[in-house]
Amino acid sequence: MAVSVFDRVCQLFDSHGAEYEVTRHRPVYTSAEAAEVRGTSLASGAKALVCKLDNDFVMYVLPADRKLDSRLARSDSGARRLRFATKEEVLSLTGLEPGSIPPLGSLFHLPTLCDQALGDEASINFNAGDHAISVRIAFAEYCRVEQPSFGVFSGPPQ
């Protein structure tokens, strides 16, 4: 039997001795629904976006109250082209549907590019491979484990 993405998230954090909390809840499909069911701010949600930057796929991680600014993202990387991965590409790369992807590109052999605004939150929250499972972890712990690259990839909060 294949190991679930949720199990892989837990194994990654456990192997690094990271402290985190798991919450099971009704399925949620938007960042706003997730924040409501978790009882957390929208800004603490870590939104994972799989994108194609020139010829390579990457994962951008942003606060859930922000949108990816393609001009800033291209400028930061020196790339000419940027587009969101299609639903089929996301499924092929991660085995998951959009909205359930954890902000851990390393689990999928993707570079993780984290918007520095996410660091404004002491803790972050995200779906862990399932629309009905959330993880909360201190932002510093997330960074220690994932070791993302940082930049400014989003505009002001929505």
Side-chain angles (χ1 to χ4, degrees), residues 4-53 57-70 72-73 76-77 82 84-85 87 90-91 93-158:
S4 73
V5 170
F6 170 68
D7 289 337
R8 291 171 53 207
V9 168
C10 294
Q11 288 169 359
L12 177 66
F13 289 157
D14 291 345
S15 72
H16 285 86
E19 292 185 27
Y20 60 97
E21 299 170 18
V22 175
T23 304
R24 295 179 187 273
H25 47 73
R26 67 176 167 78
V28 292
Y29 298 94
T30 68
S31 296
E33 287 178 331
E36 180 183 339
V37 78
R38 294 173 188 145
T40 60
S41 71
L42 188 57
S44 73
K47 178 167 55 176
L49 304 171
V50 178
C51 295
K52 191 163 190 183
L53 191 59
F57 286 99
V58 299
M59 180 180 288
Y60 283 100
V61 179
L62 316 173
D65 65 342
R66 296 176 182 238
K67 291 186 178 179
L68 183 67
D69 183 318
S70 62
L72 289 173
D76 180 80
S77 68
L82 172 69
F84 290 104
K87 186 175 182 177
V90 169
L91 185 61
L93 290 164
T94 67
L96 299 171
E97 295 180 21
S100 65
I101 303 167
L104 300 160
S106 63
L107 290 181
F108 311 106
H109 309 290
L110 296 171
T112 303
L113 308 172
C114 184
D115 191 288
Q116 66 187 31
L118 192 59
D120 292 346
E121 299 294 321
S123 295
I124 61 170
N125 302 279
F126 55 88
N127 285 354
D130 187 304
H131 291 283
I133 302 174
S134 291
V135 168
R136 177 184 179 97
I137 189 168
F139 181 71
E141 282 286 271
Y142 163 76
C143 292
R144 182 178 66 81
V145 173
E146 182 64 5
Q147 299 185 358
S149 297
F150 290 95
V152 176
F153 311 117
S154 67
Q158 300 288 310

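Numbering of residues begins at 1 and proceeds along the displayed sequence. Just so you know, these numbers come straight off a predicted model, no measurement behind them.
Residue pairs meeting the ring pair (Phe, Tyr, Trp, His ring centres under 6.0 Å) criterion with at least one partner in residues 123-158, sequence neighbours excluded, are Y29-H131, Y60-F153. Sequence neighbours left out, not one pair with a member in residues 98-117 passes ring pair (Phe, Tyr, Trp, His ring centres under 6.0 Å). Residue pairs meeting the salt bridge (Lys or Arg N to Asp or Glu O under 4.0 Å) criterion with at least one partner in residues 142-158, sequence neighbours excluded, are E141-R144. The salt bridge (Lys or Arg N to Asp or Glu O under 4.0 Å) contacts involving residues 94-116 comprise nothing, where partners must be two or more places apart or lie in separate chains.
Contacts of F6 classified as ring pair (Phe, Tyr, Trp, His ring centres under 6.0 Å), with partners at least two apart in sequence or in another chain: none. With sequence neighbours left out, the side chain to side chain contact (heavy atoms under 4.5 Å, CB included) criterion links A132 to P27, D130. With sequence neighbours excluded, the residues satisfying side chain to side chain contact (heavy atoms under 4.5 Å, CB included) with L72 are D69, V152. In terms of the side chain to side chain contact (heavy atoms under 4.5 Å, CB included) criterion, residue partners of T30 (sequence neighbours excluded) are, by chain and number, A32, E33. H25 is linked by a side chain to side chain donor-acceptor pair (under 3.5 Å) to S134, counting only residues two or more places apart in sequence or in another chain. Considering only residues two or more places apart in sequence or on other chains, F13 meets the ring pair (Phe, Tyr, Trp, His ring centres under 6.0 Å) condition with Y20.
In this structure, S106 and L12 approach most closely via the heavy-atom pair OG-CD2, 4.1 Å. Here the shortest heavy-atom pairing between G99 and N127 reads O-ND2, 2.8 Å. Nearest heavy atom pair, residue P102 against residue V5, reads CG-CG1, 3.8 Å. Shown here for L96 and G129, the closest heavy-atom pair between the two residues is CD2-O, 3.5 Å.
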Just distance, no hydrogens or angles: give the donor-acceptor pairs under 3.5 Å from side chains in residues 43-52, sequence neighbours left out.
from : atom 1 : to   : atom 2 : distance (Å)
S44  : OG     : S41  : O      : 2.8
S44  : OG     : N125 : ND2    : 2.8
K47  : NZ     : R66  : O      : 2.5

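Between the CG atom in D76 and the CG atom in L53 there is a gap of 9.0 Å [rounded to 0.5 Å]. Interatomic distance, CG of L118 versus SG of C143, reported as 7.5 Å (0.5 Å rounding). In this structure, CD1 in I101 is found 9.5 Å from CG in L91, a value given to the nearest 0.5 Å. With rounding to the nearest 0.5 Å, the separation of OG in S149 from CD in Q116 is 12.5 Å.
At least one donor-acceptor pair under 3.5 Å links the side chain of T112 to the backbone N or O of G105. A donor-acceptor distance shorter than 3.5 angstrom exists from the side chain of S77 to the backbone of A73, with no hydrogens or angles considered. Panel note: side chain T94, backbone V90; a donor-acceptor pair is recorded below 3.5 Å.
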_For a side chain to side chain contact (heavy atoms under 4.5 Å, CB included) check, start with the C-alpha distance between V135 and E21, then their side-chain angles and the critical distance, and finish with the verdict._
CA-CA 6 Å; V135 168; E21 299 170 18; over 6 Å; no

